[in-house]
Structure formats: C-alpha cells, structure tokens
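Here's the structure, in structure tokens; my notes come after.
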Amino acid sequence: MNNSFDLNKILRPHILNLAPYSSARDEYTGHVGIFLDANENPYGSVTDQDFNRYPDPYQADIKRKLSPLKNVPTDQIFLGNGSDEPIDLLVRATCTPSKDRVIILPPTYGMYEVSASIHDVYIDKVPLSADYQIRVDAVLEAITPDTKIIFICTPNNPTGNVMEDSAIETILKNFNGLVVVDEAYVDFTDKPSWIDRLAEYPNLVVLQTFSKSWGLAGLRAGMCFASTELVRILNKIKAPYNISQPAQAALLAGLESADKMQEMVKEILEQRGVLCTMLEKLSLVNKVFPSDANFLLVKFDDAKSVMEYLLKETIIVRDRSKVLLCEGCLRITVGTREENETLVAALKAYEQRNVIV
Ligand SMILES: *Cc1c(COP(=O)(O)O)cnc(C)c1O
C-alpha cells in the first residue's frame with residue numbers, strides 16, 4: 001500500500017490540541033443521586049412527558065445496541081444529528097478555511113459541497129463517467145497536498161448506482177486523506193457495506209443514516225463509522241448534546257425492530273421493480289436508470305413539463321434535469337404501491353392528453 005496515512009497530519013493542528021467542553025454529564029456519569037450539577041429544572045417539564053434532564057452526550061445505550069448489529073466496536077461509532085452532522089464535522093476537523101480542499105464526484109449528494117462552502121473550503125469536482133462510475137485516474141490527479149477529504153456516495157444519490165469496489169480501493173490506497181463513503185442507501189442494495197473494511201483502511205470513514213431504510217428521517221440521527229482516534233476527535237468537536245433525549249429514546253426502541261426495517265426494505269425493493277417496469281412502458285420515459293437505492297432516476301423527453309404537470313396533480317418528485325449528467329431526469333422516490341400506481345396513472349393521462357393536443 002502506497003499509503004502513509006497519519007490522522008495527526010490530516011487534522012487541523014488546533015483541533016488536535018483542543019480541550020473539549022466538559023459537560024456536567026461528562027464529569028459525573030452515574031444514574032442515581034440528587035442531580036444539582038447541570039442547572040436543570042428539578043420539578044419536571046411543562047409537557048406531559050418529562051424532558052428536564054440533559055441526554056447522554058455519547059448515546060452509550062444506542063451504541064451498545066448498534067455495535068453487534070453493525071459488527072463495529074462502540075468506540076468506532078459516532079452518532080450525529082443526521083449524517084449531515086458528521087459530514088460537517090469532518091470538514092471542520094480537517095480543513096483550514098481558504099486553504100484546504102475536498103474532492104467531490106458529481107452528480108452526487110449536495111451536502112458535501114454545502115458543508116465545504118460554509119467553511120470556505122475549496123471544492124474540486126471530478127465528474128463521474130457517463131455510466132456514473134468513478135474516474136479513478138482523474139480523481140488521483142485532482143489530489144493536491146491540501147486535499148483532506150474525498151467524498152464518495154454509494155449507492156449514489158441521485159444516480160442510484162453502486163460505485164465499483166476496485167475504484168474505491170484504489171483511492172483508499174493512494175490518498176493520504178480521509179475517504180468518506182456515504183452509504184445512506186446501503187440497506188437497499190445486496191452489496192456489502194464498506195464497514196467491513198474499516199480495520200483494513202485507517203483513512204476510511206463510512207456514513208449511514210436512520211433517515212431512509214429505518215424510516216426515522218424526522219428524528220435526525222445518522223451514523224459515522226471510523227477509526228477510534230477519529231471518532232474521539234468528532235466527539236470532541238460536536239455540540240455536547242447533539243442528539244435529543246426523545247430522539248435517543250425513539251432510536252433505542254427502533255433498534256429493537258430491525259426486522260420491521262427489513263420488512264419495509266423488502267417491500268420497497270419489490271415496489272422499486274414494479275415501478276421501474278411500469279415507467280419503462282411509458283412512451284414519454286426515455287430511460288429508467290438501474291437503482292440500488294429507494295429511488296429511480298428517470299429520463300423524460302420533456303422533464304420540465306412532466307415535473308410541472310405532476311406538481312399540478314400534487315405529486316412531488318425531485319427535478320434533477322439541470323444537474324450535470326442528469327439532464328432531462330427526475331428523481332422519483334419509490335412510494336407505496338398505491339402512490340406508485342397513482343403516479344403512473346397520472347403519467348399515462350399526461351401522455352394521452354399530449355397525443356390528443
Ligand atoms: C438522505 C441522505 C443522507 C441522509 O442525511 P441525514 O442527515 O442522515 O438525514 C446522507 N447522504 C445521502 C447521500 C443522502 O441521500
């Protein structure tokens with residue numbers, strides 16, 4: 001391996017040396033006693049349910065349950081306010097504003113660019129190939145001494161496909177910065193998670209989320225799996241109580257129902273196939289791209305008009321028609337069977353109307 005990755009060289013020097021805020025719950029971790037240390041309200045809350053106590057800053061109960069499920073030790077798990085939080089923290093931990101750089105591979109998830117821009121960090125874009133794969137040589141060429149992170153989304157949003165293992169491996173082996181593999185849609189594919197490769201690559205960071213397959217987008221909870229050292233840094237720079245108490249309680253309960261998640265995923269995958277077949281039969285559809293996620297990227301003859309028509313029918317899809325390599329495409333989330341049938345019926349009506357006109 002040509003890699004001489006050293007986390008200490010990737011972190012911003014002041015982050016490395018930072019003394020974190022020490023919360024009351026950091027300093028005393030017991031559960032019983034008279035708690036007069038955090039300036040909480042001793043009488044309870046204004047609501048029926050009590051939320052007067054600060055939550056566990058490190059979400060130990062959740063990590064204890066998540067660890068065997070993911071086969072990752074608890075000290076290699078970071079939990080965030082959505083996986084958008086670790087994206088932001090990783091940029092903050094490694095990139096000095098107006099100096100350092102990240103690489104993104106468009107078309108891809110928008111938050112990498114937004115987070116980098118917020119921190120005034122340079123963004124180098126290496127577009128995917130026409131078949132939505134990583135152009136490895138171009139990525140390696142784009143790396144500079146100031147490049148700290150390469151963001152790879154697989155299955156990719158909005159294209160829906162999985163990136164080739166060999167491409168990611170080559171980047172992991174030849175880049176001395178962090179390779180962030182965003183697996184928000186991993187539960188919708190048969191491909192194994194990059195989580196299994198954490199021990200092999202100290203520069204690998206894997207993101208997953210409770211927002212999609214688990215159906216918990218409203219809770220705002222995301223997972224970041226990385227080296228113990230990096231997880232320690234993320235814990236040091238996060239907001240002290242980044243996951244609220246009700247969110248932690250709901251997550252803890254939700255983790256008991258991994259089988260329900262699997263059932264919903266199974267149904268979504270079945271519906272994805274059905275929806276794909278129905279869409280491919282429509283003459284206004286140019287192409288339905290293969291998907292390993294819970295959405296379909298669909299190319300239309302006239303995406304803009306279709307989008308506007310669907311909006312009038314109060315069917316809301318995502319317009320990606322202006323996005324590089326997605327020209328003419330709408331991104332359609334797989335809905336329930338009934339929702340998908342309504343969508344297809346509306347598209348059929350649109351087709352017929354346009355034939356008559
Ligand atoms: C939906 C999505 C996320 C999830 O973000 P959360 O903040 O966890 O809701 C992350 N990455 C990608 C690529 C996504 O599409």
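Order of appearance sets the numbers: ligands from 1, and atoms from 1 within every ligand. All values below come from the heavy atoms of this structure, side chains included, with hydrogens, waters and symmetry mates left out. In this text the structure is predicted, and so the values were computed from the model without any measurement.
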Atoms in ligand 1 flagged as close to Arg220, the criterion being non-hydrogen separation under 4.0 Å: 6 (P), 7 (O), 9 (O)
For Tyr185, the ligand 1 atoms whose distance to one of its heavy atoms is below 4.0 Å: 1 (C), 14 (C), 15 (O)
Under 3.5 Å donor-acceptor, Asn52 side chain and Asn41 backbone: yes
Worked verdict on Phe295 versus Tyr185 for ring pair (Phe, Tyr, Trp, His ring centres under 6.0 Å): CA-CA 10 Å; Phe295 57 83; Tyr185 299 97; 5.1 Å; yes
Heavy-atom gap Met111 to ligand 1 smaller than 4.0 Å: no
Which segment of Glu85 sits under 4.0 Å of ligand 1 when only heavy atoms are counted: neither
Minimum heavy-atom distance between Thr154 and Asn161, given as atom pair plus value: OG1-O, 4.4 Å
Sidechain-backbone polar pair: Ser83 side chain, Thr209 backbone, donor-acceptor under 3.5 Å: no
Partner set under side-chain hydrogen bond (donor to acceptor under 3.5 Å, both in side chains) for Ser283, not counting sequence neighbours: Glu351
Protein heavy-atom partner closest to atom 1 (C) of ligand 1 - residue, atom, separation in Å: Lys212 NZ, 1.3 Å
Geometric class of the Tyr132/Phe289 ring pair [parallel <30°, tilted 30-60°, perpendicular >60°]: tilted
Nitrogen or oxygen atoms of Asp84 and ligand 1 under 3.5 Å apart: yes
Ligand-side contact atoms (ligand 1) for residue partner Gly82, heavy atom cut-off under 4.0 Å: 6 (P), 7 (O), 8 (O)
Taking atom 5 (O) of ligand 1 as the reference point, the nearest protein heavy atom with its distance: Ser83 OG, 3.3 Å
Proximity winner for atom 9 (O) of ligand 1, if only heavy atoms of Ser211, Ala217, Gly80 are counted: Ser211
Nitrogen or oxygen of Tyr112 less than 3.5 angstrom from that of ligand 1: no
Part of Asp182 with heavy atoms under 4.0 Å of ligand 1, whether side chain, backbone, both or neither: side chain
Under-4.0 Å salt bridge between Glu308 and Lys304: yes
Residues Tyr309, Asp302; criterion side chain to side chain donor-acceptor pair (under 3.5 Å); working and verdict: CA-CA 11 Å; Tyr309 163 78; Asp302 187 355; over 6 Å; no
Selection residues 65-74 - residue pairs positive for side chain to side chain donor-acceptor pair (under 3.5 Å), sequence neighbours left out: Lys65-Glu256, Lys70-Gln208
For ligand 1, the portion of Ala184 having any non-hydrogen atom under 4.0 Å away: side chain
Contacting atoms of ligand 1, where contact means under 4.0 angstrom from a heavy atom of Cys153: 13 (C)
